[in-house]
Amino acid sequence: MASRNPVPHLPLGLRPAPRRWFGRWWKRQSPSYQDQLATLGPLISVLLFLAAIVTAFWYLRNEEFEREQESVKRDTEIAQQQIRLRLIENQEQLVRLARELATQALDSDEFRSEATAFVRERPEVVGLSWIGAERLVRMPRVSGNAPLDFARTVELPAPAASAVPSTLGTEADWAFGAARDLRQPVYSRPFQAPGGAWVFQVHVPVIDRTVFSGNLVVEYAAEALLRFHVPNDVVLRHAISLVDAQERVLASTVSRASAKDERGPPFVSEVVVSPVGNGLVLRGKGWRTSAGLIGSTLFWMVVAMSALTVWMLLGTWRHMGRRAQMQTALIAETNFRRAMENSMLTGMRAMDLDGRITYVNPAFCAMTGFAEQELIGKLPPYPHWPGDRIEENMRVLQQELQGRSPAGGIEVRIMRKDGSEFDARMYVSPLIDAKGQQTGWMTSMTNITEAKRVRDQLSASHERFTTVLEGLEAAVSVLSVQQGELLFANRSYRLWFGSDARGHGWLAGGAGSPALPVEVDEAVDSFGGLPAQALTRAGTDVREVHVAGLDKWFDVRARYLQWTDGRLAQMLIATDITERRRAEELTARQAERSQQTSRLMTMGEMASSVAHELNQPLTAITNYCNGMVSRVRNDSIQKDDLIAALEKTAKQAQRAGQVIHRIRAFVKRSGPQRQPAQAQQIVEDTVELASIELKRRHVAIQTYVARRLPEILVDPILIEQVLLNLLKNAAEAIDQGGMPTQRRRIELRVVPRHSPDEGGVIEFSVTDTGPGLPEDVLKRLYEAFFSTKTDGLGIGLSLCRSIVESHRGRIRAENLYNGTQVVGCRFAFTLPVDVEPAEAESPPGAGPEAAPLPLTKTS
Ligand code: ADP
């Protein structure tokens, strides 16, 4: 007992550990892997089962083989034992006979009868004879009653009775000699009798005292020996055969024919046939019994069934794989639907055909405040029906159950668990199962309290918007483009223009409008034209419009837009700018005055030059007059000479008058008057005005005006003032810079130009060879009252710019370089022309057409 206890105790202690380990391992695996393993299990057990069956069959078969081998061996030994006993007994009989023969105890007849009795009792014996020492037959052969042909075939021929029986053959001869020499019984090797049957002989020497007197020769038939001395049960079980040293089968218990269809390797057992020796063996053979066949059939059936099972398991495995995939897809789909359903703000409620609630989604619970369990399984009246509306809800439900709910939904009132209520809209649709049968109704419910609130908010914001628009000082109007119908007009609009579309038309500058745009701008889209670009990109178009009926100026911003109903509409926002216009006009008048002042100042600055200029003709006139007076007094003047002198005097007076006239015209106060003018004329007048100053400062001027320039619509006096200013600045710069004579030059050029942003323009440029413009001066050039000169006022360029820009032109200044050295500067301004110039600019002196037109050249 003490020794038995620890044995079960040990496994009991160890067993749970692997189980726990396996459990943990199993839980760690993914479900799909678990599925695979679960299918793999049966597969492995089938394979193990198959292996066990194979092993069992192999073991049983081996066992059977061994048993068979054993049985063959035993049977062979039994047969050998029988044969041996028989042969030994026969041998003893023969020895006794031989002895009696030798001692003369038997006479010839007695021996014969003894021999006959011996042969008759022994069916295996073919014959018995006594061969004398000289190999003569002492007693002829006594044939046995064996059913063989031996008696005839082996019988010694009569003439041989007294001769050496050569017919005995070599084997018999050898046995005879051996028995004689050894003086004891000797068995011959088997040999084939003349009939073909196998026989062997035993020679027993007959020795009379010491005298050898022949041998008793007994011939055994191998066939008979087996037939009569192998027990019947052995014969039934196994094939026993006699085989000699040369592996020749001498006799067998089975016929050759049946021995041929033996299947598979037989179980063989060999035993030497002992008194015979000479390599004679008894061979027993066993075959596989039919039980083996049945066994192997069973075995192959088991194998086939196992293979089938494995095949089916593999099929199942693959099928499970597919199922797992489908399951994954299904789970994903279900999760997706559930997530969708849970994230939805719409409450969902399903009920069967009797009105029993079968499902509610989280949104429904959240909306009503009831838990899922409180709703599911409930029959009407439902807990979320307000107590005072049960009848109405019943009616709605009946409608629902009969499938007569309106497609647009029904508005109902829902009570929350806490008793508060809200408005909801319900939509109903039939619930269809997988077989296509209707199983109930699905109701979706949205809380429309929020929608109502949004609606209220919207209308409030609309109201605010309208209030703002109404309160605006500007007139806002929207007109549909196609129908010409006023879609919207605010209070200011109605105040100014009434509630019809005429005012919009005036503001837009359309037909019948008394308004004139302030600026002539072709790019302005007039009313009635549709926007050329896409609506979203339609820009705001700004213009100033005068409405004569109201005597008011408006800043009008027009914009095309898509009205709420999709129609194309034009919106105008008109701001009253009458006050601003007035202020602007005032400013313009003041600017004009300052221009005037500037002109006066220019003249003041130029006064000494003017005086100098006037002095010349006046002196000439005085000289002429004095000369004429003295010559008239002396009567030394001819009439013709007097006329010539008077004419010269008049010419000088005219010249002085011209100077004064031009100065007067320049200084004369007048408003800006645009008129078609020729650049050529402007240049000529300016150069004439400037020539006095230029002469005084010893500066030469070269002018170039391109031919066939188009007319420009400008105020020529103002442009002259600009040019005069530029020329004056240039001359001053050269003079102040103390330039040498070759650098005291100014070039005035007028050429047509065309640029993408300005279009066709005429460019006036004044290039000097002075010291140029320092960087800081360049930056502040057009600032009013900026001057680098001690006596400068610094308003010349600022005025120039405002004059040029009021003509929609541009002015710019740049330094001229020779390498890095400044060699002068260039002021240029442009004036727009409406007609494209007839020819492009040509370089000065490049051809006859480009020939410069020298107007004045002084030094
Ligand atoms: P003012 O001539 O009275 O100084 P302007 O407005 O005409 O006023 O000129 C402003 C300044 O620009 C001048 O003081 C001068 O320094 C500079 N300036 C104008 N023209 C030239 C020029 N051609 N070369 C160099 N400097 C110039």
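Read the numbers this way: they start at 1 and go in the same order the structure lists the ligands and their atoms. Reckoned from all heavy atoms, side chains included, excluding hydrogens, waters and symmetry mates.
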One thing to verify: whether Glu693 and Arg697 come together as a salt bridge, which I'm taking to mean a side-chain N less than 4.0 angstrom from a carboxylate O. yes

For Gly772 and ligand 1, does the shortest N/O to N/O distance drop below 3.5 Å? no

Between Trp506 and Phe554, does the ring centroid distance fall short of 6.0 Å? no

Between Val766 and ligand 1, which part of the residue brings a heavy atom under 4.0 Å of the ligand: side chain, backbone, both or neither? neither

Close approach of Gly770 to ligand 1, heavy atoms, under 4.0 angstrom: no

May I ask you to list the atoms of ligand 1 that are less than 4.0 angstrom from any heavy atom of Cys825? 22 (C), 23 (N), 24 (N)

Close approach of Phe827 to ligand 1, heavy atoms, under 4.0 angstrom: yes

Heavy-atom nearest neighbour of atom 6 (O) of ligand 1 within options Leu781, Thr767, Leu797, Ile734: Leu797

Which is it for Leu726 and ligand 1 at heavy atoms under 4.0 Å: side chain, backbone, both or neither? neither

So, is Ser798 polar-close to ligand 1, with some N/O to N/O distance under 3.5 Å? no

Regarding Asn729 and Lys789, do their side chains bring together a donor and an acceptor under 3.5 Å, going by distance alone? yes

Give the atoms of ligand 1, by number and element, whose distance to some non-hydrogen atom of Ala730 is under 4.0 Å. 23 (N)

Relative to ligand 1, is Ser787 under 4.0 angstrom through side chain, backbone, both or neither, heavy atoms considered? both

How long is the span from the CZ atom in Arg631 to the CG atom in Asp641, to the nearest 0.5 Å? 5.5 Å

Intermediate values then yes/no, salt bridge (charged side-chain N to carboxylate O under 4.0 Å, His left out), Glu763 and Arg826: CA-CA 12 Å; Glu763 188 195 64; Arg826 180 172 181 266; 3.1 Å; yes

Would you mind telling me if ligand 1 is within reach of the side chain of Pro771, the backbone, both or neither, using heavy atoms under 4.0 Å? neither

Is there a nitrogen or oxygen of Lys789 sitting under 3.5 Å from a nitrogen or oxygen of ligand 1? yes

Could you list the atoms of ligand 1 found under 4.0 angstrom from a heavy atom of Ala733? 22 (C), 24 (N), 25 (C)

Do ligand 1 and Asn729 have nitrogen or oxygen atoms that lie under 3.5 Å from each other? yes

Starting at NE2 of His807, measure out to CG of Leu713 and round the result to the nearest 0.5 Å. 8.0 Å

I'd like to check whether Glu732 has a polar contact with ligand 1, where a contact means an N/O of the residue lying under 3.5 Å from an N/O of the ligand. no

Aromatic rings Phe829 and Phe764: how do their planes relate, parallel, tilted or perpendicular, breaks at 30° and 60°? parallel

Are Arg810 and Val761 close enough that some pair of their side-chain heavy atoms sits under 4.5 Å apart? no

salt_bridge(Asp768, Arg744) N-O dist < 4.0 Å: no

